[in-house]
A.B. asks: 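Would you mind keeping the following structure in view while I ask a few things?
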Amino acid sequence: MTTTGTRVLVLNAGSSSVKYQLIDMLDGARLASGLVERIGEVEGRLLHLPLTGEPREQVRRFADHDGALRAVADELAADLMGLDSPELAAIGHRVVHGGLRFTRPTLINDSVVAEIRRLIPVAPLHNPANITGIEVARAMRPDLPQVAVFDTAFHSTLPEYAARYAIDRKTAEEHRVRRYGFHGTSHQYVSRATARLLGRDPAELNVIVLHLGNGASVSAVAGGVCVETSMGLTPLEGLVMGTRSGDVDPGLVFHLHRVGGLSVDQIDDLLNRRSGLLGLCGDNDMREVVRRAQGGDEDAKLAFDSYVHRIRRYLGGYYAVLGRVDAVAFTAGVGENSAEVRAAVCANLEELGISVEPELNAVRSRRARTISPSYGRVTVAVVPTDEELEIAQQTFALVHEV
């Protein structure tokens with residue numbers, strides 16, 4: 001596909017929001033970024049952040065995603081970087097679930113959209129909004145290459161024994177039940193960025209990536225290939241998260257339904273939106289949890305300890321999966337900013353070669369950095385994630401490859 005532009009617009013359409021970044025692929029510069037939130041509500045908000053000049057804000061109703069994206073296009077046009085610019089090479093869309101078919105970035109056409117729609121039952125909260133963003137953007141620029149980059153794609157390399165649940169095979173295949181994993185663009189970006197930080201080839205490095213945000217997941221990456229990850233069929237499996245429970249006994253669902261009288265939808269809401277840190281202590285902001293725990297609040301301390309314990313359990317398990325670990329990388333909002341979480345996760349793991357230097361761990365920086373002592377057998381690093389850049393890079397590479 002021939003394109004002379006060097007810019008990629010990255011769109012992440014949620015159910016009531018659109019995040020965007022315009023990135024120049026020559027140097028990775030963010031020419032503009034922003035967020036439209038509360039789409040469909042009485043009062044929405046658009047915050048536009050140009051590379052130069054003052055931020056601009058609109059507070060008004062955005063009736064739907066079409067209106068929101070057209071407002072984004074107008075803001076970009078005001079900066080002389082509109083969707084009709086010849087410098088725009090492509091639009092890259094974040095899509096949460098690609099199933100087994102989409103294991104790499106994919107040029108969007110009608111059949112691709114139809115397949116993403118077919119996957120809605122395994123991603124009912126995310127794929128519909130992703131599709132809406134795609135359809136609106138395609139209507140606005142039908143001539144422009146548009147690419148879907150899938151959260152699940154990086155985890156498509158899981159061995160079958162790691163990807164399968166031990167249930168009846170016919171049932172699993174009929175309903176596409178298996179472990180897909182999520183946060184793939186972040187895990188892929190951070191595993192490569194960790195290799196760069198260490199001056200190593202990703203193909204020779206074994207890394208455990210801890211993506212710790214309101215949603216949280218762990219991956220084991222061997223030689224640049226993901227071989228295990230904590231999220232499964234849905235983003236509910238795995239770590240204790242902001243509002244998600246993470247791993248629970250599946251029998252809990254039956255117990256709550258039969259004994260507690262809760263409906264399936266009520267249990268879904270409980271485990272996804274009213275559990276995790278929020279369920280344990282009433283706060284899903286780790287900063288507030290830490291503040292309360294340090295002040296002697298027992299509920300907050302329990303929440304913090306449960307959060308850390310689950311991470312450590314996965315960290316040890318993934319160490320065993322990899323056999324040799326060269327680096328542990330903390331990323332995302334909590335991983336990048338909470339020295340308390342990092343210290344607690346790595347405490348008393350010297351026998352595994354894992355430790356942090358308190359002074360290095362306490363440093364706040366937006367740069368990738370090591371926080372382990374020089375003698376440590378395993379490098380512990382803080383590596384800021386950049387999912388938008390990863391999407392842009394994959395999109396740009398594909399449109400020049402086709």
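Each residue takes its place number in the sequence, starting with 1.
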A.B. asks: Do you know which two heavy atoms are closest between C346 and V380, and how far apart they sit?
C.D. replies: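 Minimum heavy-atom separation between C346 and V380: SG-CG1, 4.2 Å.
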A.B. asks: Which atoms form the tightest heavy-atom contact between M140 and A73, and what is the distance?
C.D. replies: CE-CB, 3.7 Å
A.B. asks: State whether the side chain of D268 and the backbone N or O of V264 hold a donor-acceptor pair below 3.5 Å, judged by distance alone.
C.D. replies: no
A.B. asks: Does this structure show an ion pair linking D168 with K170, if we count only N-O contacts that are shorter than 4.0 Å?
C.D. replies: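 A salt bridge is absent here (no side-chain N lies under 4.0 Å from a carboxylate O).
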A.B. asks: So, for A362 and A339, which heavy atoms are closest and what is the spacing to 0.1 Å?
C.D. replies: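 Result for this residue pair: CA-CB, 4.5 Å.
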A.B. asks: Checking Y319 side chain against L352 main chain: does a donor-acceptor pair fall under 3.5 Å?
C.D. replies: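 Yes, because the side chain of Y319 sits within donor-acceptor range (under 3.5 Å) of the backbone of L352.
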A.B. asks: Quick check against the 3.5 Å criterion: does T132 have a side-chain atom that pairs as donor or acceptor with the backbone of P128?
C.D. replies: yes
A.B. asks: Return yes if a side-chain donor-acceptor contact under 3.5 Å exists between Y165 and E237, otherwise no.
C.D. replies: yes
A.B. asks: Can you run down the ring pair (Phe, Tyr, Trp, His ring centres under 6.0 Å) pairs that involve residues 112-153, sequence neighbours left out, and say none if there aren't any?
C.D. replies: F102-F150
A.B. asks: Is a side-chain donor or acceptor of N127 paired with a backbone partner of H97 at a separation under 3.5 angstrom?
C.D. replies: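 A pair under 3.5 Å: yes.
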A.B. asks: Would E298 and K301 count as a salt bridge (Lys or Arg N to Asp or Glu O under 4.0 Å) here? Give the steps.
C.D. replies: CA-CA 5 Å; E298 290 299 321; K301 185 176 186 307; 5.9 Å; no
A.B. asks: Could E336 and R366 be called an ion pair, given the rule that one side-chain N must be under 4.0 Å from one carboxylate O?
C.D. replies: no
A.B. asks: Could you tell me whether D74 and R70 make a salt bridge, using a distance below 4.0 angstrom between a side-chain N and a carboxylate O?
C.D. replies: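 Between R70 and D74 there is no salt bridge, as every charged N stays at least 4.0 Å from the carboxylate O atoms.
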A.B. asks: Using 0.5 Å steps for rounding, measure from the CG atom of L51 to the CG atom of L31.
C.D. replies: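 Rounded to the nearest 0.5 Å, the CG-CG separation comes out at 6.0 Å.
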A.B. asks: Take S186 and T385 through the test side chain to side chain donor-acceptor pair (under 3.5 Å) and record every step on the way to the result.
C.D. replies: CA-CA 6 Å; S186 177; T385 190; 2.8 Å; yes
A.B. asks: Angle between ring planes, Y314 versus Y318, binned at 30° and 60°: parallel, tilted or perpendicular?
C.D. replies: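 Ring orientation, 0 to 90° scale: perpendicular.
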A.B. asks: Between R138 and E135, is there a side-chain N and carboxylate O pair less than 4.0 Å apart?
C.D. replies: no
A.B. asks: Might you work through the side chain to side chain donor-acceptor pair (under 3.5 Å) test for N109 and S111, ending with a clear yes or no?
C.D. replies: CA-CA 6 Å; N109 56 32; S111 66; 2.8 Å; yes
A.B. asks: Before giving the answer on side-chain contact (heavy atoms from CB on, under 4.5 Å), spell out for L280 and S306 the whole-Å C-alpha distance, their side-chain angles and the decisive distance to 0.1 Å.
C.D. replies: CA-CA 9 Å; L280 288 169; S306 298; 3.9 Å; yes
A.B. asks: E390: what forms a side chain to side chain donor-acceptor pair (under 3.5 Å) with it, not counting sequence neighbours?
C.D. replies: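 Applying side chain to side chain donor-acceptor pair (under 3.5 Å) to E390 gives R192, Q394.
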A.B. asks: Less than 4.0 Å between a side-chain N and a carboxylate O, is that true for D326 and R324?
C.D. replies: yes
A.B. asks: Check whether R310 reaches the backbone of G238 with its side chain - one donor and one acceptor, N or O, closer than 3.5 Å.
C.D. replies: yes
A.B. asks: Is the backbone N or O of D265 less than 3.5 Å from a side-chain atom of D269, with the two atoms forming a donor-acceptor pair by type?
C.D. replies: no
A.B. asks: Considering only NZ, NE, NH1 and NH2 on the basic side and carboxylate oxygens on the acidic side, decide whether R30 and D24 come within less than 4.0 Å.
C.D. replies: no
A.B. asks: Do the charged groups of R291 and E288 touch, with an N to O distance under 4.0 Å?
C.D. replies: yes
A.B. asks: First locate atom CE of M81, then atom CG of L22, and finally report the distance between them rounded to the nearest 0.5 Å.
C.D. replies: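 CG of L22 is found 5.5 Å from CE of M81.
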A.B. asks: How would you list, by chain and number, every residue that makes a side chain to side chain donor-acceptor pair (under 3.5 Å) with D27, sequence neighbours excluded?
C.D. replies: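 For D27 there are no side chain to side chain donor-acceptor pair (under 3.5 Å) partners, ignoring immediate neighbours.
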A.B. asks: Between I391 and Q393, is there a side-chain heavy-atom distance shorter than 4.5 Å?
C.D. replies: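 Counting from C-beta outward, Q393 and I391 never come under 4.5 Å.
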A.B. asks: Go through it in stages, so that I can follow the logic: the residues are L76 and H48, the test is side-chain contact (heavy atoms from CB on, under 4.5 Å), and I'd like the CA-CA distance, side-chain angles, deciding distance and then a yes or no.
C.D. replies: CA-CA 9 Å; L76 292 170; H48 179 76; 3.9 Å; yes
A.B. asks: State plainly whether the residues E174 and R169 are in salt-bridge range, i.e. N to O under 4.0 Å.
C.D. replies: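 No, E174 and R169 are not salt-bridged.
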A.B. asks: Heavy atoms, side chains only, cut-off 4.5 Å: are R377 and E351 in contact?
C.D. replies: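 No. Closest side-chain heavy atoms not under 4.5 Å.
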A.B. asks: Do D201 side-chain atoms and A203 backbone N/O form a donor-acceptor pair below 3.5 Å?
C.D. replies: yes
A.B. asks: Could you walk me through whether L100 and Y180 satisfy the side-chain contact (heavy atoms from CB on, under 4.5 Å) test, starting with their C-alpha distance in whole Å, then the side-chain angles of each, then the deciding distance to 0.1 Å, before giving a yes or no?
C.D. replies: CA-CA 8 Å; L100 289 178; Y180 293 99; 4.3 Å; yes
A.B. asks: Mark yes when over 12 heavy atoms from residues, nucleotides or ligands other than R101 sit less than 6.0 Å from its CZ; otherwise mark no.
C.D. replies: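 Enclosed.
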A.B. asks: Who are the side chain to side chain donor-acceptor pair (under 3.5 Å) partners of D249, not counting sequence neighbours?
C.D. replies: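 Here no residue qualifies.
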A.B. asks: Would you call R292 and D285 a salt bridge, taking side-chain N to carboxylate O under 4.0 Å as the test?
C.D. replies: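 No, this pair does not count.
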A.B. asks: With a cut-off of 3.5 Å and sequence neighbours excluded, list every side-chain donor-acceptor pair involving residues 217-234.
C.D. replies:
residue : atom : partner : partner atom : Å
S217    : OG   : H183    : ND1          : 2.7
S217    : OG   : H187    : NE2          : 2.8
S219    : OG   : H187    : ND1          : 2.7
E228    : OE1  : R179    : NH1          : 2.9
T229    : OG1  : V218    : O            : 3.0
S230    : OG   : V218    : N            : 2.8
T234    : OG1  : L236    : N            : 3.1

A.B. asks: Between E204 and R200, does any side-chain N to carboxylate O distance fall below 4.0 Å?
C.D. replies: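 So E204 pairs with R200 through a salt bridge.
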A.B. asks: Is the CD atom of E54 crowded by more than 12 outside heavy atoms at less than 6.0 Å?
C.D. replies: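 Atom CD in E54 is not crowded, with 12 or fewer foreign heavy atoms closer than 6.0 Å.
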A.B. asks: Kindly give the heavy-atom pair with the smallest separation between G215 and R244, and that separation in Å.
C.D. replies: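 For G215 and R244, the tightest heavy-atom pair comes out as CA-NH1, 4.0 Å.
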A.B. asks: How far apart are the closest heavy atoms of P145 and V399, and which atoms are they?
C.D. replies: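 Looking at all heavy atoms of both residues, the closest pair is CB-CG1, 3.7 Å.
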A.B. asks: Using side chain to side chain donor-acceptor pair (under 3.5 Å) as the criterion, list what pairs up with E350, not counting sequence neighbours.
C.D. replies: none
A.B. asks: Apply the test salt bridge (Lys or Arg N to Asp or Glu O under 4.0 Å) to residues E160 and R178: give CA-CA distance (whole Å), side-chain angles for both, the deciding distance (0.1 Å), then the verdict.
C.D. replies: CA-CA 9 Å; E160 279 298 290; R178 65 185 288 118; 2.7 Å; yes
A.B. asks: Between the side chains of T185 and E387, is a donor N or O closer than 3.5 angstrom to an acceptor N or O?
C.D. replies: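 T185 vs E387: donor-acceptor pair found between side chains.
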A.B. asks: Any side-chain to backbone donor/acceptor pair from S245 onto S275? Under 3.5 Å, distance only.
C.D. replies: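 Judged by distance alone, no pair lies under 3.5 Å.
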A.B. asks: Whether the side chain of S372 engages the backbone of V356 through a donor-acceptor N/O pair (distance < 3.5 Å, no angle test) should be reported.
C.D. replies: no
A.B. asks: I would like to know whether E43 and R60 meet salt bridge (Lys or Arg N to Asp or Glu O under 4.0 Å); could you show each step before the answer?
C.D. replies: CA-CA 5 Å; E43 185 176 87; R60 62 180 178 86; over 6 Å; no
A.B. asks: Mark yes or no for whether Q146, through its side chain, and L107, through its backbone, hold a donor-acceptor pair below 3.5 Å.
C.D. replies: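 Looks like no, no N/O pair under 3.5 Å.
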A.B. asks: Determine, stepwise, if the pair H309 / D305 fulfils side-chain contact (heavy atoms from CB on, under 4.5 Å).
C.D. replies: CA-CA 6 Å; H309 173 75; D305 290 346; 5.9 Å; no
